[in-house]
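Chain letters run A, B, ... following the sequence lines, proteins first, then strands; residues in each count from 1.
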Amino acid sequence: MKKYNHLAIEKKWQKEWDKSKIYRTKDTGGKKFYVLDMFPYPSGQGLHVGHPRGYIASDVYARQKRAQGYNVLHPMGYDAFGLPAEQYAIANKIHPRQAVLKNVATFRKQLEIIGFSYDWTRSVNTTDPEYYRWTQWIFLKLYGSWYNPKTNRAEDIKTLIKTFDKKDWSSKSEKEKQEILMRYRLAYEGYSEVNWCPGLGTVLANDEVVNDEKGNPVSERGGFPVEKKTMRQWFMRVTAYAEKLLAGLDTIDWPNHIKDIQRNWIGRSEGSEFDFAIKNSEDTITIFTTRADTIFGVTYVVLAPENKLVQKLSSKISNWNEVQNYINEVKNKDDEARLAADKEKTGVQLKGIVAINPVNGEEVPVWIADYVLATYGTGAVMAVPAHDDRDFKFANKYNLSIKRVVEPKFVAEEATGGHGRADSAVKPGLPMEKRNAVCVFVKNPKDDKYLCIKWRGTPMNGLVTGGIDGDESYEETAMREVHEETGYKNLKLVKEPDFAIHSLFYHRLKNTNRWARFQYVFLELINEERDPVAEKEAALHEVVWKSKDELKEFFTVIEGEFIINFLNNPNYIFTEDGVLFKSGEFDFLDSSEARRQITEKFGRSKITYKIRDAVFARQRYWGEPIPLSYDRDGIIHEVPEKKLPLKLPEVKSYEPIGTGESPLAGVKSWTDKGYETNTMPGWAGSSWYFLRYMDPNNKKVFASPKNLKYWKNVDMYVGGAEHATGHLIYSRFWHKFLHDLKLVPTAEPFMKLRNQGMILGTDQRKMSKRWGNVINPDDMVKLYGADTLRVYEMFMGPFDQSLPWSTESIIGSRRFIEKVWRLSEKVGVAKPDKDLESLLNKTIKKVGEDIESMNFNTAISALMILLNAMEKRVGEYGVLSVKVYEVFLQLLAPFAPHVTEELWRDLGHKSSIQKEKWPKYDPKKLLSETVQISVQINGKLRASFEAVVDEDEKTLQNKAIMLENVKKWIDGKEIKRVIFVKNRLINIVI
RNA sequence: GCCCGAGUGGUGGAACUGGUAUACACGCACGACUUAAAAUCGUGUCUCGCAAGGGAUGUGGGUUCGAUUCCCACCUCGGGCACCA
């Protein structure tokens, strides 16, 4: 027998496939299918075994699609701009381009030996000027466009200019025009803070900044201090697409958690805006809130320290020095200190400034505090400490008043006792009678017990309650009711938190629905003297005393738990929806309805998003140049389309120049022409690369309309989940923009997305040089073969789960392939075997479905089961049917393309196994002739027996009862019920 | 704190729509072949029990003839967001 020499076989077929070009893709021909991997960043480190996991999966998937008759586009390329290449180049004193070329070559080699079915002629590289020409071209489109909210899409900036007053517009200077347009462009110039490291003379990315022992930010390299510096930047107006990005999620098949992350990131929030006028001023403070129903509870207003209004009002602020100091203090805090959630809130009052609540004209103080973010909503909030946790903490610290305006509401849904009333579930259809009432806590200071009422002949327990008569005060009602119901007469009012609840119930005695607002009143016994209780009252209930701890158990009222929370926690605030109170005409409205009405009358509804515009500039050399230039007057000019690509200048030094600006700012030939010195960020090139694969060598357009129309978009996208809020948002944004401009045919770039889990080191840690736990795929290919590596990576566990590498387990996959190899000796003409036939059909079904749903581990497992059965068959009859073996090879081919090709050809086939049609199963042959029927007694397995498929219940039941093990259990007992599940089980209930 | 996801043998994991829990593989033990070893093949391998039988899918409850699967509460781990008004 021929020896299984994986090295020779794999090399041989890789060469042969390359020669015969079987993986080349044409842009026509039948139904298309686009299978894409997230292209790699070719680092100097090379690959570890975790990297190819996704590539293997997509390769298996692509191979199956090809076998199913699709015209499959399955390309690979390199995302090679960015920091690591630049740093590698600086460290090794070579040009970044050289570093990239070298790393790309290494990657390609490492990938090739694994035997992927990529069409390498379609490869792209983001650093290739012929590629980034189109990245720059798309940038210019973004720069030249605005988002028209009326048409709900991006349009040429000219359509914006048309909306301006003609005369007014032409009277403006170029500079003014530029400033106005900049507020609309989808790519726009602005300012933002960066991590500036004076020690290195450069700007650092967030992950290049670490904390030293004292928690101060320092550079990862060298440990130099890092501070904030405001710098000129370019931005992408992602926020304009927030709604489309959100809505699009419903149209694509992505893992739910990725959709959740994106939804969360976009952070849509429906609320209202209100204008608070500033007393004795023309200015107003606009606030955003989602709780318009609490607006009558506003006791102050807070601005973000960076809010422009603060500077504008400076002359009216009497403590301006103090305010300025606070603003500076906040500015110098690093992000971590400012954002720490548990940190104590700080702020300063703007003395002399008074805001007017638009709903009731109340005058409230104005503060600045860094718990209000300048970048969200309007950068200002109305503070309602009674119903917002943050405002509550702030109010407590600075002694600001607290006004409660929303009260909890409880609707009786079943017959429960409550407040000593005979009440039950609200009856639909009956009118609702509103009433003011009290509910009384009476404490006996001697033993700290509370006065309770137990209703005779009912399970109801509660407190003393009663309706308010005429113009009685709460206290008067409370004392009167206590006296009537219990006889206690010497009581005094104590100061405890006052609160009220609304209770909706059906009043049985009065046959009416009641909506009672119970004001809680806290009394204390002065002494235990009591008058006799009227007979009528005494017949209804008895008096009991309960300690605080016993109350929770004692109350049968549905709102009992809430009341206890309130009693136990003096800081308890009610942040949920409820019923309005002390809110003028809106009293007794539910929160949601109140929000609607108050907004309509006093404000306007508004939708706000968390997502921020994305910074689109890096102060680095190794990125796409931004194709803009500045003239002497600071007017920005676009680099004409026909002059693209604007290539990076050849320079000797691309190291930081020490000002924080890009190294390009130190290149005279560059600055002489006024070119923008910032370069694009790493995500620019990766935001559209999948389109370039459709037409990678086109010199006229980024991809021809014909090819775009044919390939449309990516059908299956495979990559890591870590790109959820980066690449996967940005590329959707660019794609939607291109779609608005009718440059691409679909609204979404990636129809299906699947994430691969990480492969961890054997020590369960992330594979990295640092831990010394890196496993190199080259070594695995050499030792076990690419086919074994592929099978193992697909078999080790669920594709989307992170799993540790096991040096021990991979041997199992190797054994599997060797068994397949050895079995080839035993094929020939064999007698039909129904059981094997049935298993084969089941396996065809299972493997096909499992690949489609990316459950590769169970697909392999099914193949192993079939192999074991085939071996058993050979053991019994000495020969295995060629037909069965061939189908098996076809099923295995996507996973192990080399060895299956070799064995396939050995069987005498002239063409590649990769060209074969995917096997079909016969639904009629899926069932074996016999099935195991389990017999349960009372749900416990007691016996099982073999039966013919689809046999009827009666027959099987009779058979089951005859079994020894079953007889034993049912003997002398009555069979109450028998449950029958076809072809599976019989459960006898006794 | 909020939003997702996951907890099953010594290990990675399997189980369709509620229907024989632990498939498949690794490891381990024993046996065959061998002068020997490796490789290969075979047998066994959740747990308590001599057995009959009992107990096990993070913990505690519930629904059901029957729960890894559905519901409630809690614990642990992983991921995302984090003063978003």
Side-chain angles (χ1 to χ4, degrees), chain A residues 255-265 267-269 271-272 287-292 294 302 304 338-345 369-373 375-384 387-391 393-394 575 608-612 721-722 724-725 755 757-758 791-792 795-798 800-813 815-816 818-819 822 846 849 855 857-868 871 875 931-944 968 976-990:
Chain A
N256 276 329
H257 75 276
I258 301 285
K259 288 191 187 182
D260 280 345
I261 290 172
Q262 291 210 346
R263 283 194 192 104
N264 204 287
W265 187 258
R268 184 181 200 270
S269 179
S272 324
I287 63 92
F288 172 76
T289 181
T290 54
R291 289 300 303 273
T294 64
V302 193
R338 184 167 171 185
L339 294 176
D342 51 350
K343 159 203 101 136
E344 194 162 313
K345 303 197 184 324
D370 68 351
Y371 81 90
V372 175
L373 304 176
T375 46
Y376 182 78
T378 59
V381 302
M382 64 179 205
V384 187
H387 303 292
D388 181 278
D389 202 45
R390 295 152 302 184
D391 296 340
K393 285 187 180 128
F394 192 79
T575 55
T608 299
Y609 303 90
K610 275 202 280 197
I611 195 171
R612 310 282 148 86
E722 66 274 17
T725 54
N755 303 121
M758 254 188 300
V791 167
Y792 177 60
F795 179 62
M796 42 194 307
D800 58 354
Q801 221 169 81
S802 289
L803 297 165
W805 182 263
S806 166
T807 336
E808 279 177 340
S809 298
I810 189 171
I811 193 71
S813 301
R815 279 183 203 149
F816 168 63
E818 284 180 4
K819 283 185 195 176
R822 267 183 265 124
K846 175 97 179 133
E849 288 170 358
N855 294 117
N857 54 331
T858 49
I860 302 269
S861 157
L863 288 169
M864 287 174 169
I865 291 168
L866 179 57
L867 177 72
N868 290 346
E871 280 186 332
V931 286
Q932 282 291 312
I933 303 289
S934 309
V935 185
Q936 294 181 336
I937 314 283
N938 285 347
K940 286 217 187 247
L941 182 71
R942 295 301 178 189
S944 72
K968 190 167 82 187
K976 287 187 189 140
R977 217 177 130 189
V978 176
I979 284 128
F980 174 71
V981 182
K982 197 176 158 191
N983 288 335
R984 274 188 195 275
L985 68 75
I986 292 171
N987 185 15
I988 301 166
V989 185
I990 51 172

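In this structure, the CG atom of A:Asn868 is 5 Å from the P atom of B:A25, given to the nearest Å. Whole-Å rounding puts the A:Ile937 CD1 to B:G19 C1' distance at 15 Å.
For residues 255-264 of chain A, the pairs satisfying salt bridge (charged side-chain N to carboxylate O under 4.0 Å, His left out) are A:Asp250-A:Arg263, A:Asp260-A:Arg263, with sequence neighbours left out. Screening residues 979-990 of chain A for salt bridge (charged side-chain N to carboxylate O under 4.0 Å, His left out) gives A:Asp950-A:Lys982 as the qualifying pairs, with residues at least two apart or on separate chains.
In this model, the phosphate group of B:G55 is approached by a side-chain N or O of A:Lys940 to a distance below 4.0 Å at OP1 or OP2. Taking only side-chain nitrogens and oxygens, A:Gln936 never comes nearer than 4.0 Å to OP1 or OP2 of B:C65. Residue A:Tyr371 has no polar side-chain atom (N or O) positioned under 4.0 Å from OP1 or OP2 of B:A85.
For A:Phe394, the ring-ring contact (aromatic ring centres under 6.0 Å, His included) partners are A:Tyr300, A:Trp367, A:Tyr371, A:Tyr398, not counting sequence neighbours. Residues forming a side chain to side chain donor-acceptor pair (under 3.5 Å) with A:Tyr609 (at least two apart in sequence, or on another chain): A:Glu243.
Each of A:Glu808 and A:Asn857 has a nearest nucleotide on RNA chain B; the 5'-most of these lies closest to A:Asn857.
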Please list each protein N or O that sits under 3.5 Å from an N or O in nucleotides 50-53 of chain B, with the distance.
from, atom 1, to, atom 2, distance (Å)
B:G53, OP1, A:Lys968, NZ, 2.8

Please enumerate all protein N or O atoms sitting under 3.5 Å from an N or O of nucleotides 38-45 of chain B, with distances to 0.1 Å.
none

